[in-house]
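To start, the structure itself, in structure tokens.
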Amino acid sequence: MKIATWNVNSVKARLGHLVQFLADSSPDVVLLQELKCRTEDFPRLEIEAAGYRCAVLGQKSYNGVAILAREAIDCTAEGLPGDPEDVQSRYIEARIAGIRVASLYAPNGNPLGTEKYAYKLAWMDRLERHARSLLASEEPVVLGGDYNIIPEAEDVYDPADWTGDALWQPASRAALRRLLWSGYTDAFRAMDPRPHQYSFWDYQAGRWQRNEGIRIDHLLLSPVATDRLVAAGIDRTPRTREKASDHTPVWCELS
DNA sequence: ATGGTAGCCTTGCTA
């Protein structure tokens, strides 16, 4: 089973690229982030015509997450558990062919010293609590999405450029490490030891042309899922196209 | 150099 995650930065602006990616890559499951549209405005018909079912948690203008799959989707959560007051659409979870899969869009958190950064850390705390509860199940678990956290220095072109950024703060990175310590595995890093493999390049300052990116889109696998991990990679092709998303898909294959 | 680009549908906000 091939599972891909992709922050599309507006599903309507990227619909052509998305349909092309489905045809070229034939993923079994696709985790989408930053839909930037309401649930009822999601281009469901076009996705279904491409052979995929959809579970969607949209939001006007910002955020929004979805899960696409060739097989039946049994939705197990809409919204990240742990705070009924949180109205931001950043988490959707489902059972597909016996695997628990989530598409998540963690808060960016900039600028530092604001409630946005506090929200980022609080959201990651909630994610850790929920991720730990999922480990109690015997099902394989795949938590994929835009974590908005750079794990290590080897995952950024120049750490000095990111000193004051929420994506590179020690507390942000510690939150991601806690997920790993709880038992989850970074699928890409487990299969590819090469440094400087990026999933995001800023639109500004020619970052793509200079290959100055960061790796912030991750597929975290529970131990049972990691036992089935046979391949993982980053597909840079969608980022080469005209009017591309600033992120490109990351994928893994489970036996 | 506090620059630069993209998508929202607000002419600023978020990233």
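Order of the sequence lines fixes the chain letters, A, B, ..., with proteins taken first and strands second; residue numbering starts at 1 for each chain.
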To the nearest Å, how far apart are A:Trp201 CH2 and B:dA6 C1'? 17 Å

Base, sugar-phosphate, or nothing for A:Ser61, non-hydrogen atoms under 4.0 angstrom? base

Holding to side-chain contact (heavy atoms from CB on, under 4.5 Å), I want the full list of residues that pass it with A:Ser133, two or more places apart in sequence or in another chain. A:His130

Looking at every strand, decide which applies to A:Arg210 at a 4.0 Å heavy-atom threshold: base, sugar-phosphate, or nothing. nothing

Can you check the A:Tyr203 OH to B:dG4 C1' distance for me, whole Å? 14 Å

Using a cut-off of strictly less than 4.0 Å, decide whether A:Arg14 has a side-chain nitrogen or oxygen near OP1 or OP2 of B:dG7. yes

Taking the P atom of each, how far is B:dT11 from B:dA1, in whole Å? 33 Å

Residue of the set A:Leu68, A:Ile96, A:Thr5 for which side-chain contact (heavy atoms from CB on, under 4.5 Å) holds with A:Val29: A:Ile96

Among B:dC9, B:dG4, B:dG7, the nucleotide that comes nearest once only the side chain of A:Gln204 is considered: B:dG4

Between C1' on B:dA15 and CD1 on A:Ile214, what's the gap in Å once rounded to a whole number? 11 Å

Is any side-chain nitrogen or oxygen of A:Lys243 closer than 4.0 Å to OP1 or OP2 of B:dG7? yes

Using whole Å, what does the distance between atom C1' of nucleotide B:dG3 and atom CG of A:Asp161 come to? 13 Å

Once you apply a heavy-atom cut-off of 4.0 Å, does A:Tyr105 come out as touching a base, just sugar-phosphate, or nothing? sugar-phosphate

Nearest 0.5 Å, what's the CG-CD distance between A:Asn7 and A:Glu34? 4.5 Å

When the C1' atoms of B:dC9 and B:dT14 are compared, how many Å lie between them, rounded to an integer? 14 Å

Identify, between A:Arg207 and A:Arg90, the residue whose nearest nucleotide on DNA chain B lies closer to the 5' end. A:Arg207

Which class fits the ring pair A:Tyr147 and A:His218: parallel under 30°, tilted 30 to 60°, perpendicular over 60°? tilted

Taking the basic N atoms (NZ, or NE/NH1/NH2) and the acidic carboxylate oxygens, is any pair closer than 4.0 Å for A:Glu253 and A:Lys2? no

Using whole Å, what does the distance between atom C1' of nucleotide B:dA15 and atom NE2 of A:His247 come to? 8 Å

Say we look at B:dG7 and B:dT2: how far apart would their P atoms be, to the nearest angstrom? 25 Å

Presence of salt bridge, A:Arg241 and A:Asp24, under 4.0 angstrom: yes

Here the distance between atom C1' of B:dA15 and atom CG of A:Asp217, to the nearest Å, is 13 Å

A:Arg100 and side-chain contact (heavy atoms from CB on, under 4.5 Å): which single residue from A:Val142, A:Val224, A:Val141 fits? A:Val141

Euclidean distance, atom CD of residue A:Gln59 to atom P of B:dA15 [Å, nearest integer]: 10 Å

How long is the line joining CG of A:Asp246 and P of B:dA15, in whole Å? 12 Å

Quick check: on DNA chain B, is the nucleotide nearest A:Phe200 upstream (toward 5') of the one nearest A:Ala13, or the reverse? Name the residue that is more 5'. A:Ala13

I'd like a list of close polar pairs between nucleotides 11-13 of chain B and the protein, N/O only, cut-off under 3.5 Å.
unit_1	atom_1	unit_2	atom_2	d
B:dC13	O2	A:Tyr62	OH	3.4

Partner of A:Ile149 under side-chain contact (heavy atoms from CB on, under 4.5 Å), chosen from A:Arg173, A:Arg177, A:Gln169: A:Arg173

